[in-house]
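See structure below.
Quick note on labels: first sequence line is chain A, next is B, and so on, each numbered from 1.
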Amino acid sequence: MGASPDPLGMTMIRERLLIRRLQQREERAFQEVVRLYQHKVWNLVFRMIGSREEAEDIAQEVFVTVFKSIDGFRGDSKLSTWLYRIAANHCKNRMKYLGRRSYKTTGELDEAAERELQGAQPSALTPHLDGPEKVLEGLQMEKLVQEAIALLDEDHRVLVVLRDVEDLSYQEITAITGLAEGTVKSRLHRARMALKDYLAKRGG
Amino acid sequence: MSDVDHAQASELFSSYWDEDLGPDDTARLEEHLRSCIVCRREYADFEKALGAVGGLPHEIAPPGFAAGVVKRVHKRSRGRFFATRGMLDRVPYELFSLVMLGLILAIYVILQLSQPGHVKIP
Ligand SMILES: [Zn+2]
């Protein structure tokens, strides 16, 4: 989740201390982990699922699992990688449970449109902000993209979200998914081509 | 690549987008894109789609999310998940109550002593 120069390995030391405190069931360490990773977990889960209501429940479950399983965390990957793995697995399980029903992304994005029109920060999909029409255009594109992602099966969707939404490296993705790099790349390519076809048809 | 290699060209789109393609394949693909309008359009759509995916706004957790997680863990573990606080965590509160008790006792004694006609204890 974002690499920055850290020649002394301070991040790793801090992370190990945090993990030790978690294993000692220290509530403040727990709160720190939630504070540090809540937005990253939320974005991953929301983009995977497309519904805020489901996302809130799943994202909370991710942290519950983290604290239930912290004793089993051996530290052979970064804490963030482990968190992403838990989040991805929860999403995939929920998607199976929901039976790949069509998620209610439309209403959610209509709400988002309203918020943005009322002056909230626009998204990167509204690059030339010169009026409400452009904001709506960006939001329609966001809705289309979310729809396109929702059409992918869970194995393809997770790769698109990790790579193209979260901007993770292939190395991180193989660590999260446990898949070989070649498998990640070929699946991701198919997923991207499907997104391209859907958006070219719908988005014009 | 000749015109019959559209499929082969599109197979390289992802690696090209990721800048993960070797120099030879990059040159072959770029040459094909220059000469083939079909693949050029396809790649333009590909770029546009991935640009849109990458441009999705980063959603942040709703307010109260963190508190909700803590509450859920407490509830799920019936309050037993977190370690019992150590003595060091309790000291300030206990010290504070002790000081307060002492203060109240001192005020009480002073008030008692300052009352006229009190009986002096030898
Ligand atoms: Zn071609």
Side-chain angles (χ1 to χ4, degrees), chain A residues 24-28 30-31 33-35 38-43 45-47 52 55-56 59-64 67-68 112 116 121-127 138 141-142 144-146 148-149 160-161 163-167 170 185-186 188-193 195-200 203, chain B residues 6-21 25 29 38-86 88-90:
Chain A
Q24 288 165 349
R25 302 288 189 268
E26 200 189 300
E27 186 164 355
R28 262 178 281 179
F30 178 18
Q31 287 166 347
V33 168
V34 178
R35 185 180 55 78
Q38 57 175 333
H39 300 309
K40 290 180 185 298
V41 168
W42 176 268
N43 194 51
V45 172
F46 177 67
R47 291 302 174 198
R52 283 192 168 75
E56 181 150 14
Q60 290 204 354
E61 280 305 310
V62 169
F63 287 104
V64 172
F67 298 107
K68 266 163 62 180
E116 288 207 6
Q121 281 298 306
S123 77
L125 297 173
T126 56
M141 181 51 103
E142 184 182 342
L144 269 179
V145 172
Q146 191 73 54
I149 292 174
V160 165
V161 174
R163 176 70 186 167
D164 295 325
V165 176
E166 295 292 326
D167 201 24
Y170 282 109
K185 286 181 174 175
S186 63
L188 181 64
H189 177 68
R190 283 198 293 278
R192 285 168 163 181
M193 293 300 273
L195 291 178
K196 183 259 303 172
D197 289 341
Y198 183 85
L199 292 174
Chain B
H6 299 314
Q8 205 183 336
S10 70
E11 277 304 307
L12 300 176
F13 284 179
S14 269
S15 306
Y16 187 62
W17 170 262
D18 287 329
E19 295 177 4
D20 197 19
L21 208 55
D25 280 336
L29 177 65
V38 177
C39 287
R40 202 157 60 237
R41 277 191 193 138
E42 284 279 297
Y43 190 70
D45 287 343
F46 185 88
E47 261 187 326
K48 195 177 166 191
L50 290 200
V53 175
L56 284 172
H58 200 94
E59 290 277 331
I60 60 164
F65 175 79
V69 175
V70 175
K71 201 172 151 193
R72 190 178 281 209
V73 172
H74 271 290
K75 196 177 165 190
R76 203 67 71 75
S77 65
R78 297 195 183 96
R80 288 195 302 263
F81 181 83
F82 296 114
T84 317
R85 287 173 175 225
L88 278 174
D89 286 326
R90 285 204 301 263

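The shortest side-chain heavy-atom distance between A/Arg52 and B/Pro62 does not fall under the 4.5 Å cut-off. Taking 4.5 Å as the limit, every side-chain heavy atom of B/Phe46 sits out of range of all side-chain heavy atoms of A/Leu195. Proximity of A/Leu199 to B/Asp45: side-chain heavy atoms (C-beta onward) are nowhere separated by under 4.5 Å. Here the side chains of A/Arg192 and B/Trp17 are in contact, with some heavy-atom distance below 4.5 Å.
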Passes side chain to side chain contact (heavy atoms under 4.5 Å, CB included), B/Val73 versus A/Phe30? Steps please.
CA-CA 10 Å; B/Val73 172; A/Phe30 178 18; 3.1 Å; yes

Working for side chain to side chain contact (heavy atoms under 4.5 Å, CB included), residues B/Lys71 and A/Gln60
CA-CA 10 Å; B/Lys71 201 172 151 193; A/Gln60 290 204 354; over 6 Å; no

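Side chain to side chain, A/Tyr170 and B/Asp20 fail the donor-acceptor criterion of an N or O pair below 3.5 Å. Side chains of B/His58 and A/Glu166: a donor-acceptor N/O pair is absent below 3.5 angstrom, by distance only.
Most heavy-atom pairs under 4.5 Å with chain B: of the set A/Glu61, A/Arg35, A/Gln31, this distinction falls to A/Glu61. Among B/Val70, B/Ile60, B/Leu50, the residue with the largest count of heavy-atom pairs under 4.5 Å with chain A is B/Ile60. The most heavy-atom pairs under 4.5 Å with chain A, out of B/Ala67, B/Ala44, B/Gly68, come from B/Gly68.
Nearest heavy-atom pair, A/Met193 versus B/Ser10, reported as atom, atom and distance to 0.1 Å: CE-CB, 3.8 Å.
With sequence neighbours left out, A/Tyr198 forms a ring pair (Phe, Tyr, Trp, His ring centres under 6.0 Å) with no residue at all. Residues meeting the side chain to side chain contact (heavy atoms under 4.5 Å, CB included) test with B/Ala61, sequence neighbours left out: A/Gln38, A/His39, A/Trp42, B/Phe65.
More than 12 heavy atoms of other residues, nucleotides or ligands shown are found within 6.0 angstrom of CZ on B/Arg40.
The pair A/Lys196-B/Glu47 fails the salt-bridge criterion, with no side-chain N (NZ, NE, NH1 or NH2) lying under 4.0 Å from an Asp/Glu carboxylate O.
Rounded to the nearest 0.5 Å, atoms CG (A/Asp164) and CG (B/Leu56) are 10.0 Å apart.
Tested against B/Ser14, the residues A/Arg190, A/Lys185, A/His189 include a single side chain to side chain donor-acceptor pair (under 3.5 Å) partner, A/His189.
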